[in-house]
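Working notes, beginning with the structure itself.
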Amino acid sequence: MVIRENIKDFNLDHIFDCGQCFRWNKQQNGSYTGIAFGKPVNINFKPYIEGGFEGRLSIDNINEAEFNEHWKTYLDLDKDYGHIKSALAKKDLVLAEAIQSGQGIRILKQEPWETLISFIISQNNNIPRIKKCIEGLCQMFGLPAGSFQERDYFAFPEASVLAQLTENDLAPIKLGYRAKYIIETAKKIVTDNFDSGNKECVDVRLTTLADLRRADIVTGYEYLTSLCGVGPKVANCILLFGMEKYNSFPIDVWVRRVMHRLYHMDESDMKSMTNYASENFGEYGGIAQQYLFYHIRQLEK
DNA sequence: TTCCAGGTGGCAT
DNA sequence: ATGCCACATGGA
């Protein structure tokens with residue numbers, strides 16, 4: 001168990017229920033259990049003041065070394081969201097209001113390979129079903145990651161495993177037409193890794209994609225959109241949620257909705273939406289997008 | 001029954 | 001370069 005005090009601008013529901021991740025589930029006590037870096041973990045947060053956004057963070061089933069290696073950056077704890085929020089809130093009133101409804105949002109730094117496949121699955125799909133599909137993939141093809149809280153957990157399957165599957169193998173998971181995309185993309189990732197000459201690399205999952213994380217946003221976008229099943233929206237999600245490209249601005253049906261209803265833009269004019277984001281939200285456009293996404297979904301409930 | 005969900009590939013202009 | 005449309009699946 002690792003504990004950190006005085007964590008600011010933090011709220012579990014805002015972080016794990018804002019559509020950026022799919023393997024975290026809320027527990028009866030309000031904490032979230034999920035799996036990342038091959039290990040199931042429970043994360044809890046107790047605000048010092050009821051309904052506040054500053055408090056004590058505790059992560060169960062990890063040690064200090066694991067916290068420093070993975071979890072500190074996964075939860076984006078080094079970023080000053082207070083500063084970002086006050087800067088973004090000055091941009092316009094719609095965004096200021098959106099920030100109010102999602103004050104504890106943080107952009108997770110997720111594993112690129114898992115983020116890639118997860119967002120291929122996400123297309124033309126809804127969040128509960130996306131979660132089911134991903135769980136199915138992990139249970140059938142992922143390595144066992146041990147038992148935790150009376151449940152068995154499985155890691156996200158490696159590219160080398162998915163690359164050898166047929167659509168028939170994936171049929172029980174009900175991925176629909178996306179099954180083909182997943183196999184195609186897995187094959188491409190494995191091939192690219194092999195071609196890079198990095199044959200002694202043990203972790204075949206992350207070789208090319210981890211390199212991409214270090215590349216600039218245009219290079220990342222070009223490579224990702226060259227993959228089967230990855231278009232502009234999915235590529236931007238991967239760049240934002242897995243590659244620290246906080247200015248990428250994914251436009252899905254919800255963002256289109258918010259840009260239409262609250263910014264009075266033409267619903268089909270994606271170019272104007274992209275331009276508005278880059279001109280007004282700048283380097284933190286992706287974070288602004290998350291506040292807007294969370295906000296419009298709250299309004300619909 | 002029809003509509004919808006964190007869209008994209010393929011094809012016709 | 002842009003505009004349609006089919007694409008699997010399950011819940012509302």
Side-chain angles (χ1 to χ4, degrees), chain A residues 13-24 98 101-102 105-108 110 112 114-137 140 165-188 221-243 245-262 266-275 277 281 285-301:
Chain A
D13 294 330
H14 294 175
I15 293 166
F16 294 116
D17 189 30
C18 71
Q20 62 174 323
C21 55
F22 305 102
R23 298 202 72 194
W24 291 93
S101 66
I105 286 174
R106 276 168 184 272
I107 306 292
L108 298 175
Q110 302 181 67
E114 175 175 338
T115 310
L116 166 60
I117 299 303
S118 296
F119 279 92
I120 286 177
I121 293 171
S122 80
Q123 64 185 83
N124 203 31
N125 211 341
N126 58 65
I127 292 175
R129 217 174 77 82
I130 296 163
K131 293 178 78 168
K132 280 182 193 169
C133 289
I134 293 171
E135 275 322 296
L137 262 187
M140 277 193 81
L165 300 178
T166 64
E167 286 184 54
N168 210 24
D169 296 325
L170 287 171
I173 300 171
K174 305 293 183 187
L175 292 157
Y177 65 92
R178 307 166 194 86
K180 193 192 314 171
Y181 299 167
I182 291 169
I183 295 167
E184 279 292 304
T185 290
K187 283 179 176 165
K188 183 71 161 56
Y221 184 88
E222 293 299 322
Y223 178 76
L224 291 170
T225 50
S226 79
L227 298 170
C228 183
V230 181
K233 192 277 177 181
V234 169
N236 278 317
C237 283
I238 299 161
L239 289 165
L240 178 59
F241 303 133
M243 298 187 175
K245 300 297 182 285
Y246 301 102
N247 56 333
S248 67
F249 192 80
I251 301 174
D252 71 331
V253 291
W254 293 99
V255 175
R256 282 165 62 172
R257 205 164 282 168
V258 79
M259 296 308 271
H260 175 61
R261 290 190 196 166
L262 303 182
D266 183 340
E267 238 173 333
S268 57
D269 192 358
M270 321 280 260
K271 192 145 283 180
S272 292
M273 296 178 190
T274 304
N275 288 341
F281 307 150
I287 301 178
Q289 186 267 11
Q290 274 311 99
Y291 293 124
L292 293 170
F293 180 87
Y294 189 82
H295 182 52
I296 190 73
R297 283 170 59 89
Q298 289 302 114
L299 291 179
E300 293 278 307
K301 283 180 183 174

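Fair warning: this is a prediction, and the values are worked out from it, not measured in the lab. Labels below follow one simple rule: chain letters A, B, ... track the order of the sequence lines, proteins then strands, and each chain is numbered from 1.
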With a 4.5 Å heavy-atom cut-off, do [X] and [Y] have their side chains touching?
{"X": "A:Gln123", "Y": "A:Tyr181", "result": "yes"}
{"X": "A:Lys132", "Y": "A:Ile173", "result": "no"}
{"X": "A:Met259", "Y": "A:Asp269", "result": "no"}

Stepwise salt bridge (charged side-chain N to carboxylate O under 4.0 Å, His left out) test for A:Arg261 and A:Glu300: CA-CA 12 Å; A:Arg261 290 190 196 166; A:Glu300 293 278 307; 2.5 Å; yes

Nearest heavy-atom neighbours spanning A:Glu184 and A:Cys228: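 Scanning both residues completely, I find the closest heavy atoms to be CB-CB, 3.8 Å.
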
Taking N or O atoms only and anything under 3.5 Å, show me the protein contacts with nucleotides 1-5 of chain C, one pair per line.
none

How close or far is atom [atom2] of [N] from atom [atom1] of [X], stated in whole angstroms?
{"X": "A:Phe119", "N": "B:dA5", "atom1": "CZ", "atom2": "P", "value": "16 Å"}
{"X": "A:Ile173", "N": "C:dG10", "atom1": "CD1", "atom2": "C1'", "value": "16 Å"}
{"X": "A:Arg178", "N": "B:dA5", "atom1": "CZ", "atom2": "P", "value": "13 Å"}
{"X": "A:Ile130", "N": "B:dA5", "atom1": "CD1", "atom2": "P", "value": "12 Å"}
{"X": "A:Asn125", "N": "C:dG10", "atom1": "CG", "atom2": "C1'", "value": "9 Å"}
{"X": "A:Ile120", "N": "C:dA8", "atom1": "CD1", "atom2": "C1'", "value": "16 Å"}
{"X": "A:Asn124", "N": "C:dC7", "atom1": "CG", "atom2": "C1'", "value": "8 Å"}
{"X": "A:Asp252", "N": "B:dG7", "atom1": "CG", "atom2": "C1'", "value": "9 Å"}

Give one of base, sugar-phosphate or nothing for [X], where a contact means two heavy atoms less than 4.0 Å apart.
{"X": "A:Arg257", "result": "sugar-phosphate"}
{"X": "A:Gln290", "result": "base"}
{"X": "A:Cys18", "result": "base"}

Does A:Lys132 place a side-chain N or O at less than 4.0 Å from the phosphate oxygens OP1/OP2 of C:dG11?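 Yes, within the criterion.
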
Among A:Leu165, A:Ile120, A:Leu116, exactly one meets side-chain contact (heavy atoms from CB on, under 4.5 Å) together with A:Ile182. Which residue is that?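 Filter result, single survivor: A:Ile120.
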
So, using salt bridge (Lys or Arg N to Asp or Glu O under 4.0 Å) as the criterion, who are the partners of A:Arg297 when residues are at least two apart?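 With neighbours one apart ignored, the set is empty.
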
Taking atom P in both C:dA8 and B:dG10, compute the distance separating them and give it to the nearest angstrom.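 About 13 Å, rounded to a whole number of Å.
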
Measuring only the C1' atom in each nucleotide, how far is B:dA5 from C:dG3? A whole number of Å is fine.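 It works out to 22 Å between them.
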
If the sugar-phosphate is the primed atoms plus P, OP1 and OP2 and the base is the rest, what is the B/S/- string for nucleotides 8-13 of chain B, using protein heavy atoms under 4.0 Å? SS----

Residues which pass side chain to side chain contact (heavy atoms under 4.5 Å, CB included) with A:Glu222, listed by chain and number, not counting sequence neighbours: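 Once residues adjacent in sequence are excluded, the partners of A:Glu222 under the side chain to side chain contact (heavy atoms under 4.5 Å, CB included) criterion are A:Val218.
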
Kindly write out the residues that satisfy side chain to side chain contact (heavy atoms under 4.5 Å, CB included) with A:Ala179, not counting sequence neighbours, or none if the list is empty.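 Here the qualifying residues are A:Leu170, A:Leu175.
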
Fit a plane to each ring of A:Phe249 and A:Phe281, take the angle between them on a 0 to 90° scale, and name the class: parallel (under 30°), tilted (30 to 60°) or perpendicular (over 60°).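 Tilted.
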
Quick one, which residues of residues 292-301 of chain A touch DNA chain B with a heavy atom under 4.0 Å?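 A:Phe293, A:Arg297 - these, ordered by number, are the residues of the stretch whose heavy atoms sit under 4.0 Å from the strand.
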
Please determine, by modelled atom types, if A:Asp169 and A:Thr166 share a side-chain donor-acceptor pair under 3.5 angstrom.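 A:Asp169 vs A:Thr166: donor-acceptor pair found between side chains.
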
Which distance, rounded to the nearest 0.5 Å, do you find between the CG of A:Asn236 and the CD1 of A:Ile251?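 That separation rounds to 8.0 Å.
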
